Asker: 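Pasting in a structure now, in structure tokens, and then I'll have a few things to ask.
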Amino acid sequence: MTPVATARALGEKAQRMIDALTAISASPDHLTRLYLTPEHKRAAELVGEWMREAGLSTRLDAAGTMRGSMPPGRAGRSGNKALLIGSHIDTVINAGRYDGNLGVVVGILAVETLKARGVALPFGIDILAFGDEEGVRFPVTLTTSAVTAGVFDPKALDITDDADITLRDALIAFGGDPARLKEEAYQRPSVLGYLEVHIEQGPVLERAQEPLGVVTAIASQSRHRIRIKGEAGHAGTVPMNMRHDALAAAAEIILAIEAIAKKDKKNSLVATVGHVEVMPGASNVIPADVRFSLDVRAANDRARQEAVEAITLVARKVDKTRHVVVGVETMLEKPVATCGARLQKAIGKAVTTVQGEPARSLMSGAGHDGQSMAHLGEFGMIFVRCRAGISHNPAEFVTIDDMGLAVEALVETILELARQEEQP
Ligand code: GLV
Ligand code: MN
Ligand code: MN
């Protein structure tokens, strides 16, 4: 592989790799790559090839994470510890091309750059291309990083996707091994920390005209499934006051969810209903059964929990006033995950050096694999500016120059951690 030197050249290479990954999709018209699909497998294999070209030894683990490892280049205080660097290669439906994928590409390019510059590190590096950060196919998120961190709940193997395929069966079909998930966890003493580069997915860096930022924490998040059972009936004959319309009930609850989130002024509370199913789903039948998703996030756990309680109260009220049956189920709950002080400092120093102006610190409203990896020790994240803060949208865009700076910032962070090894 040709050594790459300048930030611009690194950015150009990152763009070519992003383009190659974008071509691996379930649809020829847009980018959709869900966990444990043939597209996920093809993308993981391509990433594996790149890892091997960068000199890493690879393996696809039992949960579908492509892992590329490099042993320490010299002796040091950390012994055989590994610095874990990762992000995800699954996407949402009709996705942008940089979310997750950029972090994997930047990780590989950082290792390649360190090798090209002849750096021998006093710790190993493992690059992890996770397969389920988005939680789109199954109603849980971070499956692969949870396995890596040893916090995967095996009960999740029984959950199903929209086609009623269990996570267990999907994993077997992919070539994974549900029986070996526990063995895939790192042991805490073998881990130096976890680093991730990710697009900001918000507007802060662009407004500040700064390419990179330091993440302080990831917001508290929960996901729920709300189900409303009403009664089907003829759209032409049942009078309005005799209906048990599950969709009208859902509409009332969804508007209340929006109002509850909008009322918050200080906790960055957001609530989203992104998926609705209506049954039987015919224009001349009163909806009998509606299921919808609910995603709630906030800067602190308490604000999020209070919002979920308020939403549940509204659901109970609608259950009574509209004579339907409303059930609220919690699918996942993740507390605020705070980035490690040592890594925030190292990243801040690296970002300041690379972008030539002081690094800004910011919180992440989006979920990331670091929420799982925090169970193994400190985690840290570098955010990269994206155009207009747009993400989960094909219009997602990052400049070549910013991608190059992201590689340089990751390289600098790794070098700073290596320098800390020398300090008494
Ligand atoms: C992942 O992108 C999430 O925050 O939902
Ligand atoms: Mn992501
Ligand atoms: Mn995402």
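Order of listing sets the numbers, starting from 1, for every ligand and every atom in it. Worth saying up front: this structure is predicted, and the values here are computed from it rather than measured. What's counted below: heavy atoms across the whole structure, side chains too, no hydrogens, waters or symmetry copies.
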Asker: Using a strict cut-off of 4.0 Å, indicate which atoms of ligand 1 neighbour a heavy atom of Ala366.
Answerer: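 With Ala366 as reference, the close atoms of ligand 1 come out as 4 (O).
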Asker: Validate the cation-pi geometry between Arg137 and Tyr35: distance from NZ or CZ to the six-membered ring centre under 6.0 Å, angle to the ring axis within 45°.
Answerer: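 Output no; distance or angle outside limits.
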Asker: Answer yes or no as to whether an N/O/S atom of His368 is found below 2.8 Å from the Mn ion (ligand 2).
Answerer: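 No - counting backbone and side chain alike, His368 has no N, O or S atom under 2.8 Å.
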Asker: With the threshold set at 4.0 Å, does a side-chain nitrogen-carboxylate oxygen contact exist between Glu378 and Arg342?
Answerer: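 Looking at Glu378 and Arg342, the cut-off is not met.
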Asker: Taking only heavy atoms of Arg297 into account, list the atoms of ligand 1 that are under 4.0 Å away from them.
Answerer: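 Reading through ligand 1 atom by atom, the close ones are 3 (C), 4 (O), 5 (O).
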Asker: Taking the side chain as every heavy atom from C-beta outward, state whether Ile218 and Phe379 have any pair of such atoms under 4.5 Å apart.
Answerer: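 Result yes, sub-4.5 Å side-chain heavy-atom pair found.
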Asker: State, with a plain yes or no, whether a side-chain heavy atom of Phe292 is found less than 4.5 Å away from one of Ile253.
Answerer: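 Yes, at least one pair of side-chain atoms sits under 4.5 Å.
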Asker: Would you confirm whether Gln355, through its side chain, and Leu212, through its main-chain N or O, come within 3.5 Å as a donor-acceptor pair?
Answerer: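 Yes: the side chain of Gln355 pairs with the backbone of Leu212.
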Asker: Are Arg33 and Leu21 close enough that some pair of their side-chain heavy atoms sits under 4.5 Å apart?
Answerer: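 Contact flag for Arg33/Leu21 side chains = yes.
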Asker: How is the N/O/S atom of His88 that comes nearest to the Mn ion (ligand 2) named?
Answerer: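 Atom name of the closest N, O or S in His88: NE2.
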Asker: Quick one: report the N, O or S atom of Glu134 that is nearest to the Mn ion (ligand 3).
Answerer: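 This residue's closest N, O or S atom turns out to be OE2.
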Asker: I'd like the atom name of the N/O/S atom in Asp99 lying closest to the Mn ion (ligand 2).
Answerer: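 Result for Asp99 and the Mn ion (ligand 2): OD1.
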Asker: Heavy-atom distances under 4.0 Å are what count here, so tell me which part of His88 touches ligand 1: side chain, backbone, both or neither.
Answerer: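 Neither; nothing of His88 gets under 4.0 Å from ligand 1.
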Asker: Could you tell me whether ligand 1 has any atom less than 4.0 Å away from a heavy atom of His368?
Answerer: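 Contact absent.
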Asker: Any ion pair linking Arg16 and Glu12 (charged N to carboxylate O, less than 4.0 Å)?
Answerer: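 Salt bridge: no.
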Asker: How close does the nearest protein non-hydrogen atom get to atom 1 (C) of ligand 1, and which residue and atom is it?
Answerer: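 Closest protein heavy atom to atom 1 (C) of ligand 1: Glu134 OE1, 3.2 Å.
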